[in-house]
Amino acid sequence: MTATHSTRMLILGSGPAGLSAAIYGARAGMAPIVVQGIQPGGQLTTTTDVENYPGFRDVIQGPWLMEQMQAQAEHVGAKMEWDHIVEVDLSRRPFRLIGDGGTVYTGDVLVIATGAQAKWLNLPSEEHLKGKGVSACATCDGFFYRGKKVAVIGGGNTAVEEALYMTNHSHDVTLIHRRDTLRAEKILQERLFAHPNIKVLWNKAVDRFVAGGTPEGLVGLDLRDTRTGEISRLDVEGGFVAIGHSPATELFKGKLALDKDGYIEVETGSTRTNVEGVFACGDVMDKTYRQAVTAAGTGCMAALDAERFLAEAEFEASVAA
Ligand code: FAD
Ligand code: NAP
């Protein structure tokens, strides 16, 4: 027989956004269920040092931070379910979600915190050197490249912002773009071109991230000229891939309003989506900040928005009865 789990507050995703929503929801007496997905703890479980999450003077480890968040959520009454949702029905309340083994989850309100994943170049050498010189987040990892030569790959707003950000740490930043014009906004381009510590290499694609040294790390990039095919070497110790992010919103296409990049649209200043009773928080609705602390902040907002929504709905129902 198919198992069914029902709750007032159903939370999809167990990164900083989902777990923060769970802490607030549990403390508000909503006995939330968190469906964790295939990456319990979210993106921070894929990294090591975290130095910018407030509250810790010393460096902490991403997986440890997420274990603590989960333990805190469970301690105040949230329940974790290790399942991956494959189908959602948002057409009526309670909302109904189905896991990949057929388990059914229903919630009077739904908080979506499915996050986003950085896009990668998908080169074997990139995979090999992830965390050893290759990163997809300058704001997170830039600090570890103080005084070193670095490169940022991409031509959109993210790449330009990451290149500018890296000048806080490095005097030698190279932006590598596969074409001869950037996609980034003009104002960002102007700042980029005016910066004395940034140079741009046009019409270049990364062919290989080059490993070397002891302990092994990134020592350079083999670049392919996209017009001539010629290969050249750029010596760098940090390579930041900034070619975009994909929000995890496949499940919600046609069911929720998404923006042109696939992020869930929320009302300004809140986490309300266009479907009453459905709230979104964290990287799945935020293409600008994409940090653990902002994800946790919007997770808190989603739980508070959801609690108020339920209180109003229940009050109206009691008046009508
Ligand atoms: P995520 O952390 O992406 O979590 C998404 C959750 O949704 C996961 O639990 C996943 O299993 C679940 N999920 C997705 N789809 C489904 C589904 N269909 N069914 C069920 N569950 C589902 N930020 C910082 O502030 N400081 C740092 O130092 C830092 N370092 C980083 C290093 C790396 C390598 C990366 C990749 C990111 C880093 N970030 C850092 C960014 C930070 O991790 C994210 O901003 C943050 O994790 C976003 O939180 P989230 O809860 O919105 O989503
Ligand atoms: P983006 O705009 O999609 O740009 C991605 C860039 O990466 C493009 O220049 C693209 O090259 C390049 N690229 C893609 N795949 C590549 C590959 N396989 N190899 C090499 N290069 C590749 O992504 P984004 O910069 O992350 O921005 C996403 C959205 O968030 C945009 O709407 C952006 O405006 C927004 N955003 C806004 C801000 C802000 O407002 N401050 C900050 C960050 C992001 P081509 O140009 O050749 O396609």
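Note: hydrogens, waters and symmetry copies are ignored here, and every other heavy atom, side chains too, is used. Read the numbers this way: they start at 1 and go in the same order the structure lists the ligands and their atoms.
Of all protein heavy atoms, the one lying nearest to atom 49 (O) of ligand 1 is Pro16 CD, 3.3 Å. Among protein heavy atoms, atom 33 (C) of ligand 2 sits closest to Asn157 ND2, 3.7 Å. Nearest protein heavy-atom neighbour of atom 23 (O) of ligand 2: Gly244 CA, 3.7 Å. Atom 31 (C) of ligand 2 has its closest protein heavy atom at Asp261 OD2, 3.9 Å. Glu161 OE1, 3.3 Å is the protein heavy atom nearest to atom 42 (C) of ligand 2. In terms of protein heavy-atom proximity, atom 46 (O) of ligand 2 is closest to Arg179 NH2, 2.8 Å. Summary of contacts: the protein heavy atom closest to atom 40 (O) of ligand 2 is Glu185 OE2, 3.8 Å. Protein heavy atom closest to atom 17 (C) of ligand 2, with residue, atom name and distance, is Arg178 NH1, 3.4 Å. The protein atom (non-hydrogen) at minimum distance from atom 2 (O) of ligand 2 is Arg183 CD, 3.5 Å.
Each of the following atoms of ligand 1 lies closer than 4.0 Å to a heavy atom of Gly37: 11 (O), 20 (C), 21 (N), 22 (C). Under a 4.0 Å criterion applied to the non-hydrogen atoms of Ile85, ligand 1 contributes the atoms 17 (C), 18 (N), 19 (N), 20 (C). Set against the non-hydrogen atoms of Gly42, the atoms of ligand 1 under 4.0 Å away are 1 (P), 2 (O), 4 (O), 8 (C), 9 (O). Each of the following atoms of ligand 1 lies closer than 4.0 Å to a heavy atom of Gln39: 8 (C), 9 (O), 10 (C), 11 (O). Ligand-side atoms of ligand 2 in range of Thr158: 24 (P), 25 (O), 26 (O), 27 (O), 43 (C), 44 (C), range being under 4.0 angstrom from any heavy atom. The distance from ligand 1 to the heavy atoms of Ser14 drops below 4.0 Å at these ligand atoms: 6 (C), 8 (C), 9 (O). Near Gln36, with a cut-off below 4.0 Å to any heavy atom, the atoms of ligand 1 are 8 (C), 9 (O), 10 (C), 11 (O), 12 (C), 21 (N). Of all atoms in ligand 2, numbered sequentially from 1 with element shown, those under 4.0 Å from a heavy atom of His177 are 9 (O), 11 (O), 45 (P), 46 (O), 47 (O). Set against the non-hydrogen atoms of His84, the atoms of ligand 1 under 4.0 Å away are 17 (C), 18 (N), 19 (N). Those atoms of ligand 2 with a heavy atom of Lys260 less than 4.0 angstrom away are 32 (O). Under a 4.0 Å criterion applied to the non-hydrogen atoms of Ala113, ligand 1 contributes the atoms 5 (C), 6 (C), 7 (O).
Residue Gln291 has at least one N or O atom closer than 3.5 Å to an N or O atom of ligand 1. At least one N or O atom of Asp283 sits closer than 3.5 Å to an N or O atom of ligand 1. Taking any N or O of Thr288, backbone or side chain, none lies under 3.5 Å from an N or O belonging to ligand 2. Ligand 2 has a nitrogen or oxygen under 3.5 angstrom from a nitrogen or oxygen of Gly155. Where the criterion is an N or O separation shorter than 3.5 Å, residue side chain and backbone included, Ile153 fails it with respect to ligand 2. Note: no N/O pair closer than 3.5 Å links Arg290 and ligand 2 by distance alone. Any N or O atom pair closer than 3.5 Å counts here, and Ala292 shares at least one such pair with ligand 1.
Side chains of Thr167 and Asn197: no donor on one and acceptor on the other come within 3.5 Å. With no hydrogens or angles considered, no side-chain donor-acceptor pair links Asn274 and Glu265 at under 3.5 Å. The closest side-chain donor-acceptor pair between Ser91 and Asp89 falls under 3.5 angstrom. No hydrogens or angles considered: nothing links the side chains of Asp83 and Gln36 as a donor-acceptor pair under 3.5 Å.
Atom CZ of Arg96 is surrounded by 12 or fewer heavy atoms from other residues, nucleotides or ligands within 6.0 Å. The number of heavy-atom neighbours closer than 6.0 Å to CZ of Arg179, taken from other residues, nucleotides and ligands shown, is above 12. Atom CD of Glu127 is surrounded by 12 or fewer heavy atoms from other residues, nucleotides or ligands within 6.0 Å.
In summary, the aromatic rings of Tyr145 and His169 are positioned with their centroids too far apart to meet the 6.0 Å limit.
Residue Leu251 touches ligand 1 through its side chain alone, judged by heavy-atom distances below 4.0 Å. Contacts between Leu12 and ligand 1, counted as non-hydrogen atom pairs separated by less than 4.0 Å, involve the side chain only. The side chain of Ala295, and not its backbone, has at least one atom closer than 4.0 Å to an atom of ligand 1 (non-hydrogen atoms only; side chain from C-beta on). For Leu188, no heavy-atom contact with ligand 2 is shorter than 4.0 Å. At a 4.0 Å heavy-atom cut-off, ligand 1 touches Asn52 through the side chain alone.
Looking at Val150 and Thr174, their side chains never come closer than 4.5 Å, going by heavy atoms from C-beta outward. The closest side-chain heavy-atom distance from Glu161 to Val152 is not below 4.5 Å. In this structure, Trp64 and Phe56 have side chains that are in contact, with non-hydrogen atoms separated by less than 4.5 Å. Side-chain contact between Met285 and Thr298 is present, with heavy atoms from C-beta onward closer than 4.5 Å. For the pair Leu44 and Leu65, the minimum side-chain heavy-atom distance is below 4.5 Å.
Within the structure, every pair that satisfies the side-chain hydrogen bond (donor to acceptor under 3.5 Å, both in side chains) test and touches residues 277-288, not counting sequence neighbours, is listed here: Gln43-Asp283, Asp259-Lys287, Asp261-Lys287.
The heavy atom nearest to atom 21 (N) of ligand 2, out of those in Ile243, Thr181, Asp259, Leu123, is found in Ile243. Comparing Gly13, Cys140, Ala248, Ala17 by heavy-atom distance to atom 12 (C) of ligand 1, the nearest is Gly13.
The pair Asp235-Lys149 does not count as a salt bridge, with every side-chain nitrogen at least 4.0 angstrom from each carboxylate oxygen. Taking 4.0 Å as the cut-off between side-chain N and carboxylate O, Glu230 and Arg224 do not count as a salt-bridged pair. Remark: Glu314 engages Arg8 in a salt bridge, criterion side-chain N to carboxylate O under 4.0 Å.
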Identify all side-chain donor-acceptor contacts of residues 106-116 below 3.5 Å with residues at least two apart in sequence or on another chain.
unit_1: Thr106; atom_1: OG1; unit_2: Ser6; atom_2: OG; d: 2.8
unit_1: Thr114; atom_1: OG1; unit_2: Ala248; atom_2: O; d: 2.8

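Ligand 2 is never approached by Lys119 to a heavy-atom distance shorter than 4.0 Å. Distances from ligand 1 to the non-hydrogen atoms of Ala118 include no value under 4.0 Å.
Cation-pi geometry between Arg146 and Phe144 is not met: the NZ or CZ atom fails to fall both under 6.0 Å from the ring centre and inside 45° of the normal.
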Practice task
Applying side chain to side chain contact (heavy atoms under 4.5 Å, CB included), run through Thr139 and Tyr289 and close with a yes or a no.
Solution key: CA-CA 10 Å; Thr139 325; Tyr289 302 106; over 6 Å; no

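Atom 10 (C) of ligand 2 is approached by the protein to below 4.0 angstrom, counting heavy atoms only.
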